[in-house]
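Some notes on the structure that comes next.
To find a chain, count down the sequence lines: A is the first, B the second, and so on, and within it residues start at 1.
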Amino acid sequence: SRRERTCLALLQQRNTRASLLQIHAFMLRSALETNLNLLTRFITACASIAVAVSDPLAGIHHARRLFDRCPRRSDTFLCNTMLKAHVDSRQFKECVYLYQLLRRDADFVPDNYTFSSLAKACGLSLGYWEGQEIHNHVLKTGFSSNLFASTSLVDMYAKFGLMSCARKLFDEMTERSQVSWTVLVDGYARNGDVDHARKFFDQSPEKDSASYNVMIDAYVKLGDMGSAQSLFDEMPLRNAVSWTTMIDGYCNKGDVDSARLLFDIMPEKN
RNA sequence: UGUAAGCAACCG
């Protein structure tokens, strides 16, 4: 409908808490509050607004109220959106708890999207037991061969510091992306094993800036600016993270001149 | 084209 298209256009914009309240009012007036297309986008918008100091959770609370009120709230896309909204708002426990509620709902069917957000929530909150449960559900539901589901499980175990579990899953993957390799490299680096980090970095079939940034940061954290600089020089495309990682490394070594030189010549500053 | 996984510092 025309009003639906208007809402879609409004939700594409960068919104504020105030503009979202207006859009919500417009949706109510137009009887569009249970339109699944609009509702998923609305919830995503709620989770991505700038947080206000007075009420940082206003957006996510608004999103969850709408979700709970929706008659078709067992819709898989809608549920996945709500789970991710909790993760984006750093409400990891709420994410896992919502999943546990949804499992009691016979109409809810989780998919590979569901499990990647859940694994992320467990990884970021170091929720080991919840993570085990999610891993079991991935196995039971047959999504362990999915690229996103398995990569997020590798990342989850890496964040737990369980590199042998991460590595086992990585080895069992039938398909790997740049993200899968980077997650493993970063895991080894953060757990103090630069040698394995470098080994898998070198074996990565393709490397993007995140692959390099992770390996550079591993050297930076060790104070090995020589190795960091070599990789920085050889990488084809440097982004703001690459430059900031190097600058931070030189600053921590007390080499402010090198840091300042990089700062001055970096093409885009954030 | 209604939904998903990786990297720095800053700020809290």
Problem - pair A:Arg176-A:Leu184: side-chain heavy atoms closer than 4.5 Å - result: no

Problem - Residue among A:Thr40, A:Asn112, A:Thr114 satisfying side-chain hydrogen bond (donor to acceptor under 3.5 Å, both in side chains) with A:Asn80 - result: A:Thr114

Exercise for the section: Fit a plane to each ring of A:Tyr188 and A:His196, take the angle between them on a 0 to 90° scale, and name the class: parallel (under 30°), tilted (30 to 60°) or perpendicular (over 60°). Expected result: parallel

Practice task
Let me know which of A:Glu33, A:Arg65, A:Arg29, A:His62 forms a side-chain hydrogen bond (donor to acceptor under 3.5 Å, both in side chains) with A:His24.
Solution key: A:His62

Completion exercise
Contact check, residues 256-266 of chain A vs RNA chain B, heavy-atom distance under 4.0 Å, returns none

Practice task
Quick one: sort the A:Phe200 and A:Trp181 rings into parallel, tilted or perpendicular, breaks at 30° and 60°.
Solution key: tilted

Exercise for the section: Assign a letter to each nucleotide of nucleotides 1-8 of chain B from its 5' end: B, base within under 4.0 Å of a protein heavy atom; S, sugar-phosphate only; -, no contact. Expected result: -BBBBBBB

Exercise for the section: Using only heavy-atom distances, determine whether the side chains of A:Tyr219 and A:Arg198 contain a donor-acceptor pair under 3.5 Å. Expected result: yes

Practice task
Over 60° means perpendicular and under 30° means parallel, so classify the ring planes of A:Tyr157 and A:Phe160, tilted if in between.
Solution key: perpendicular

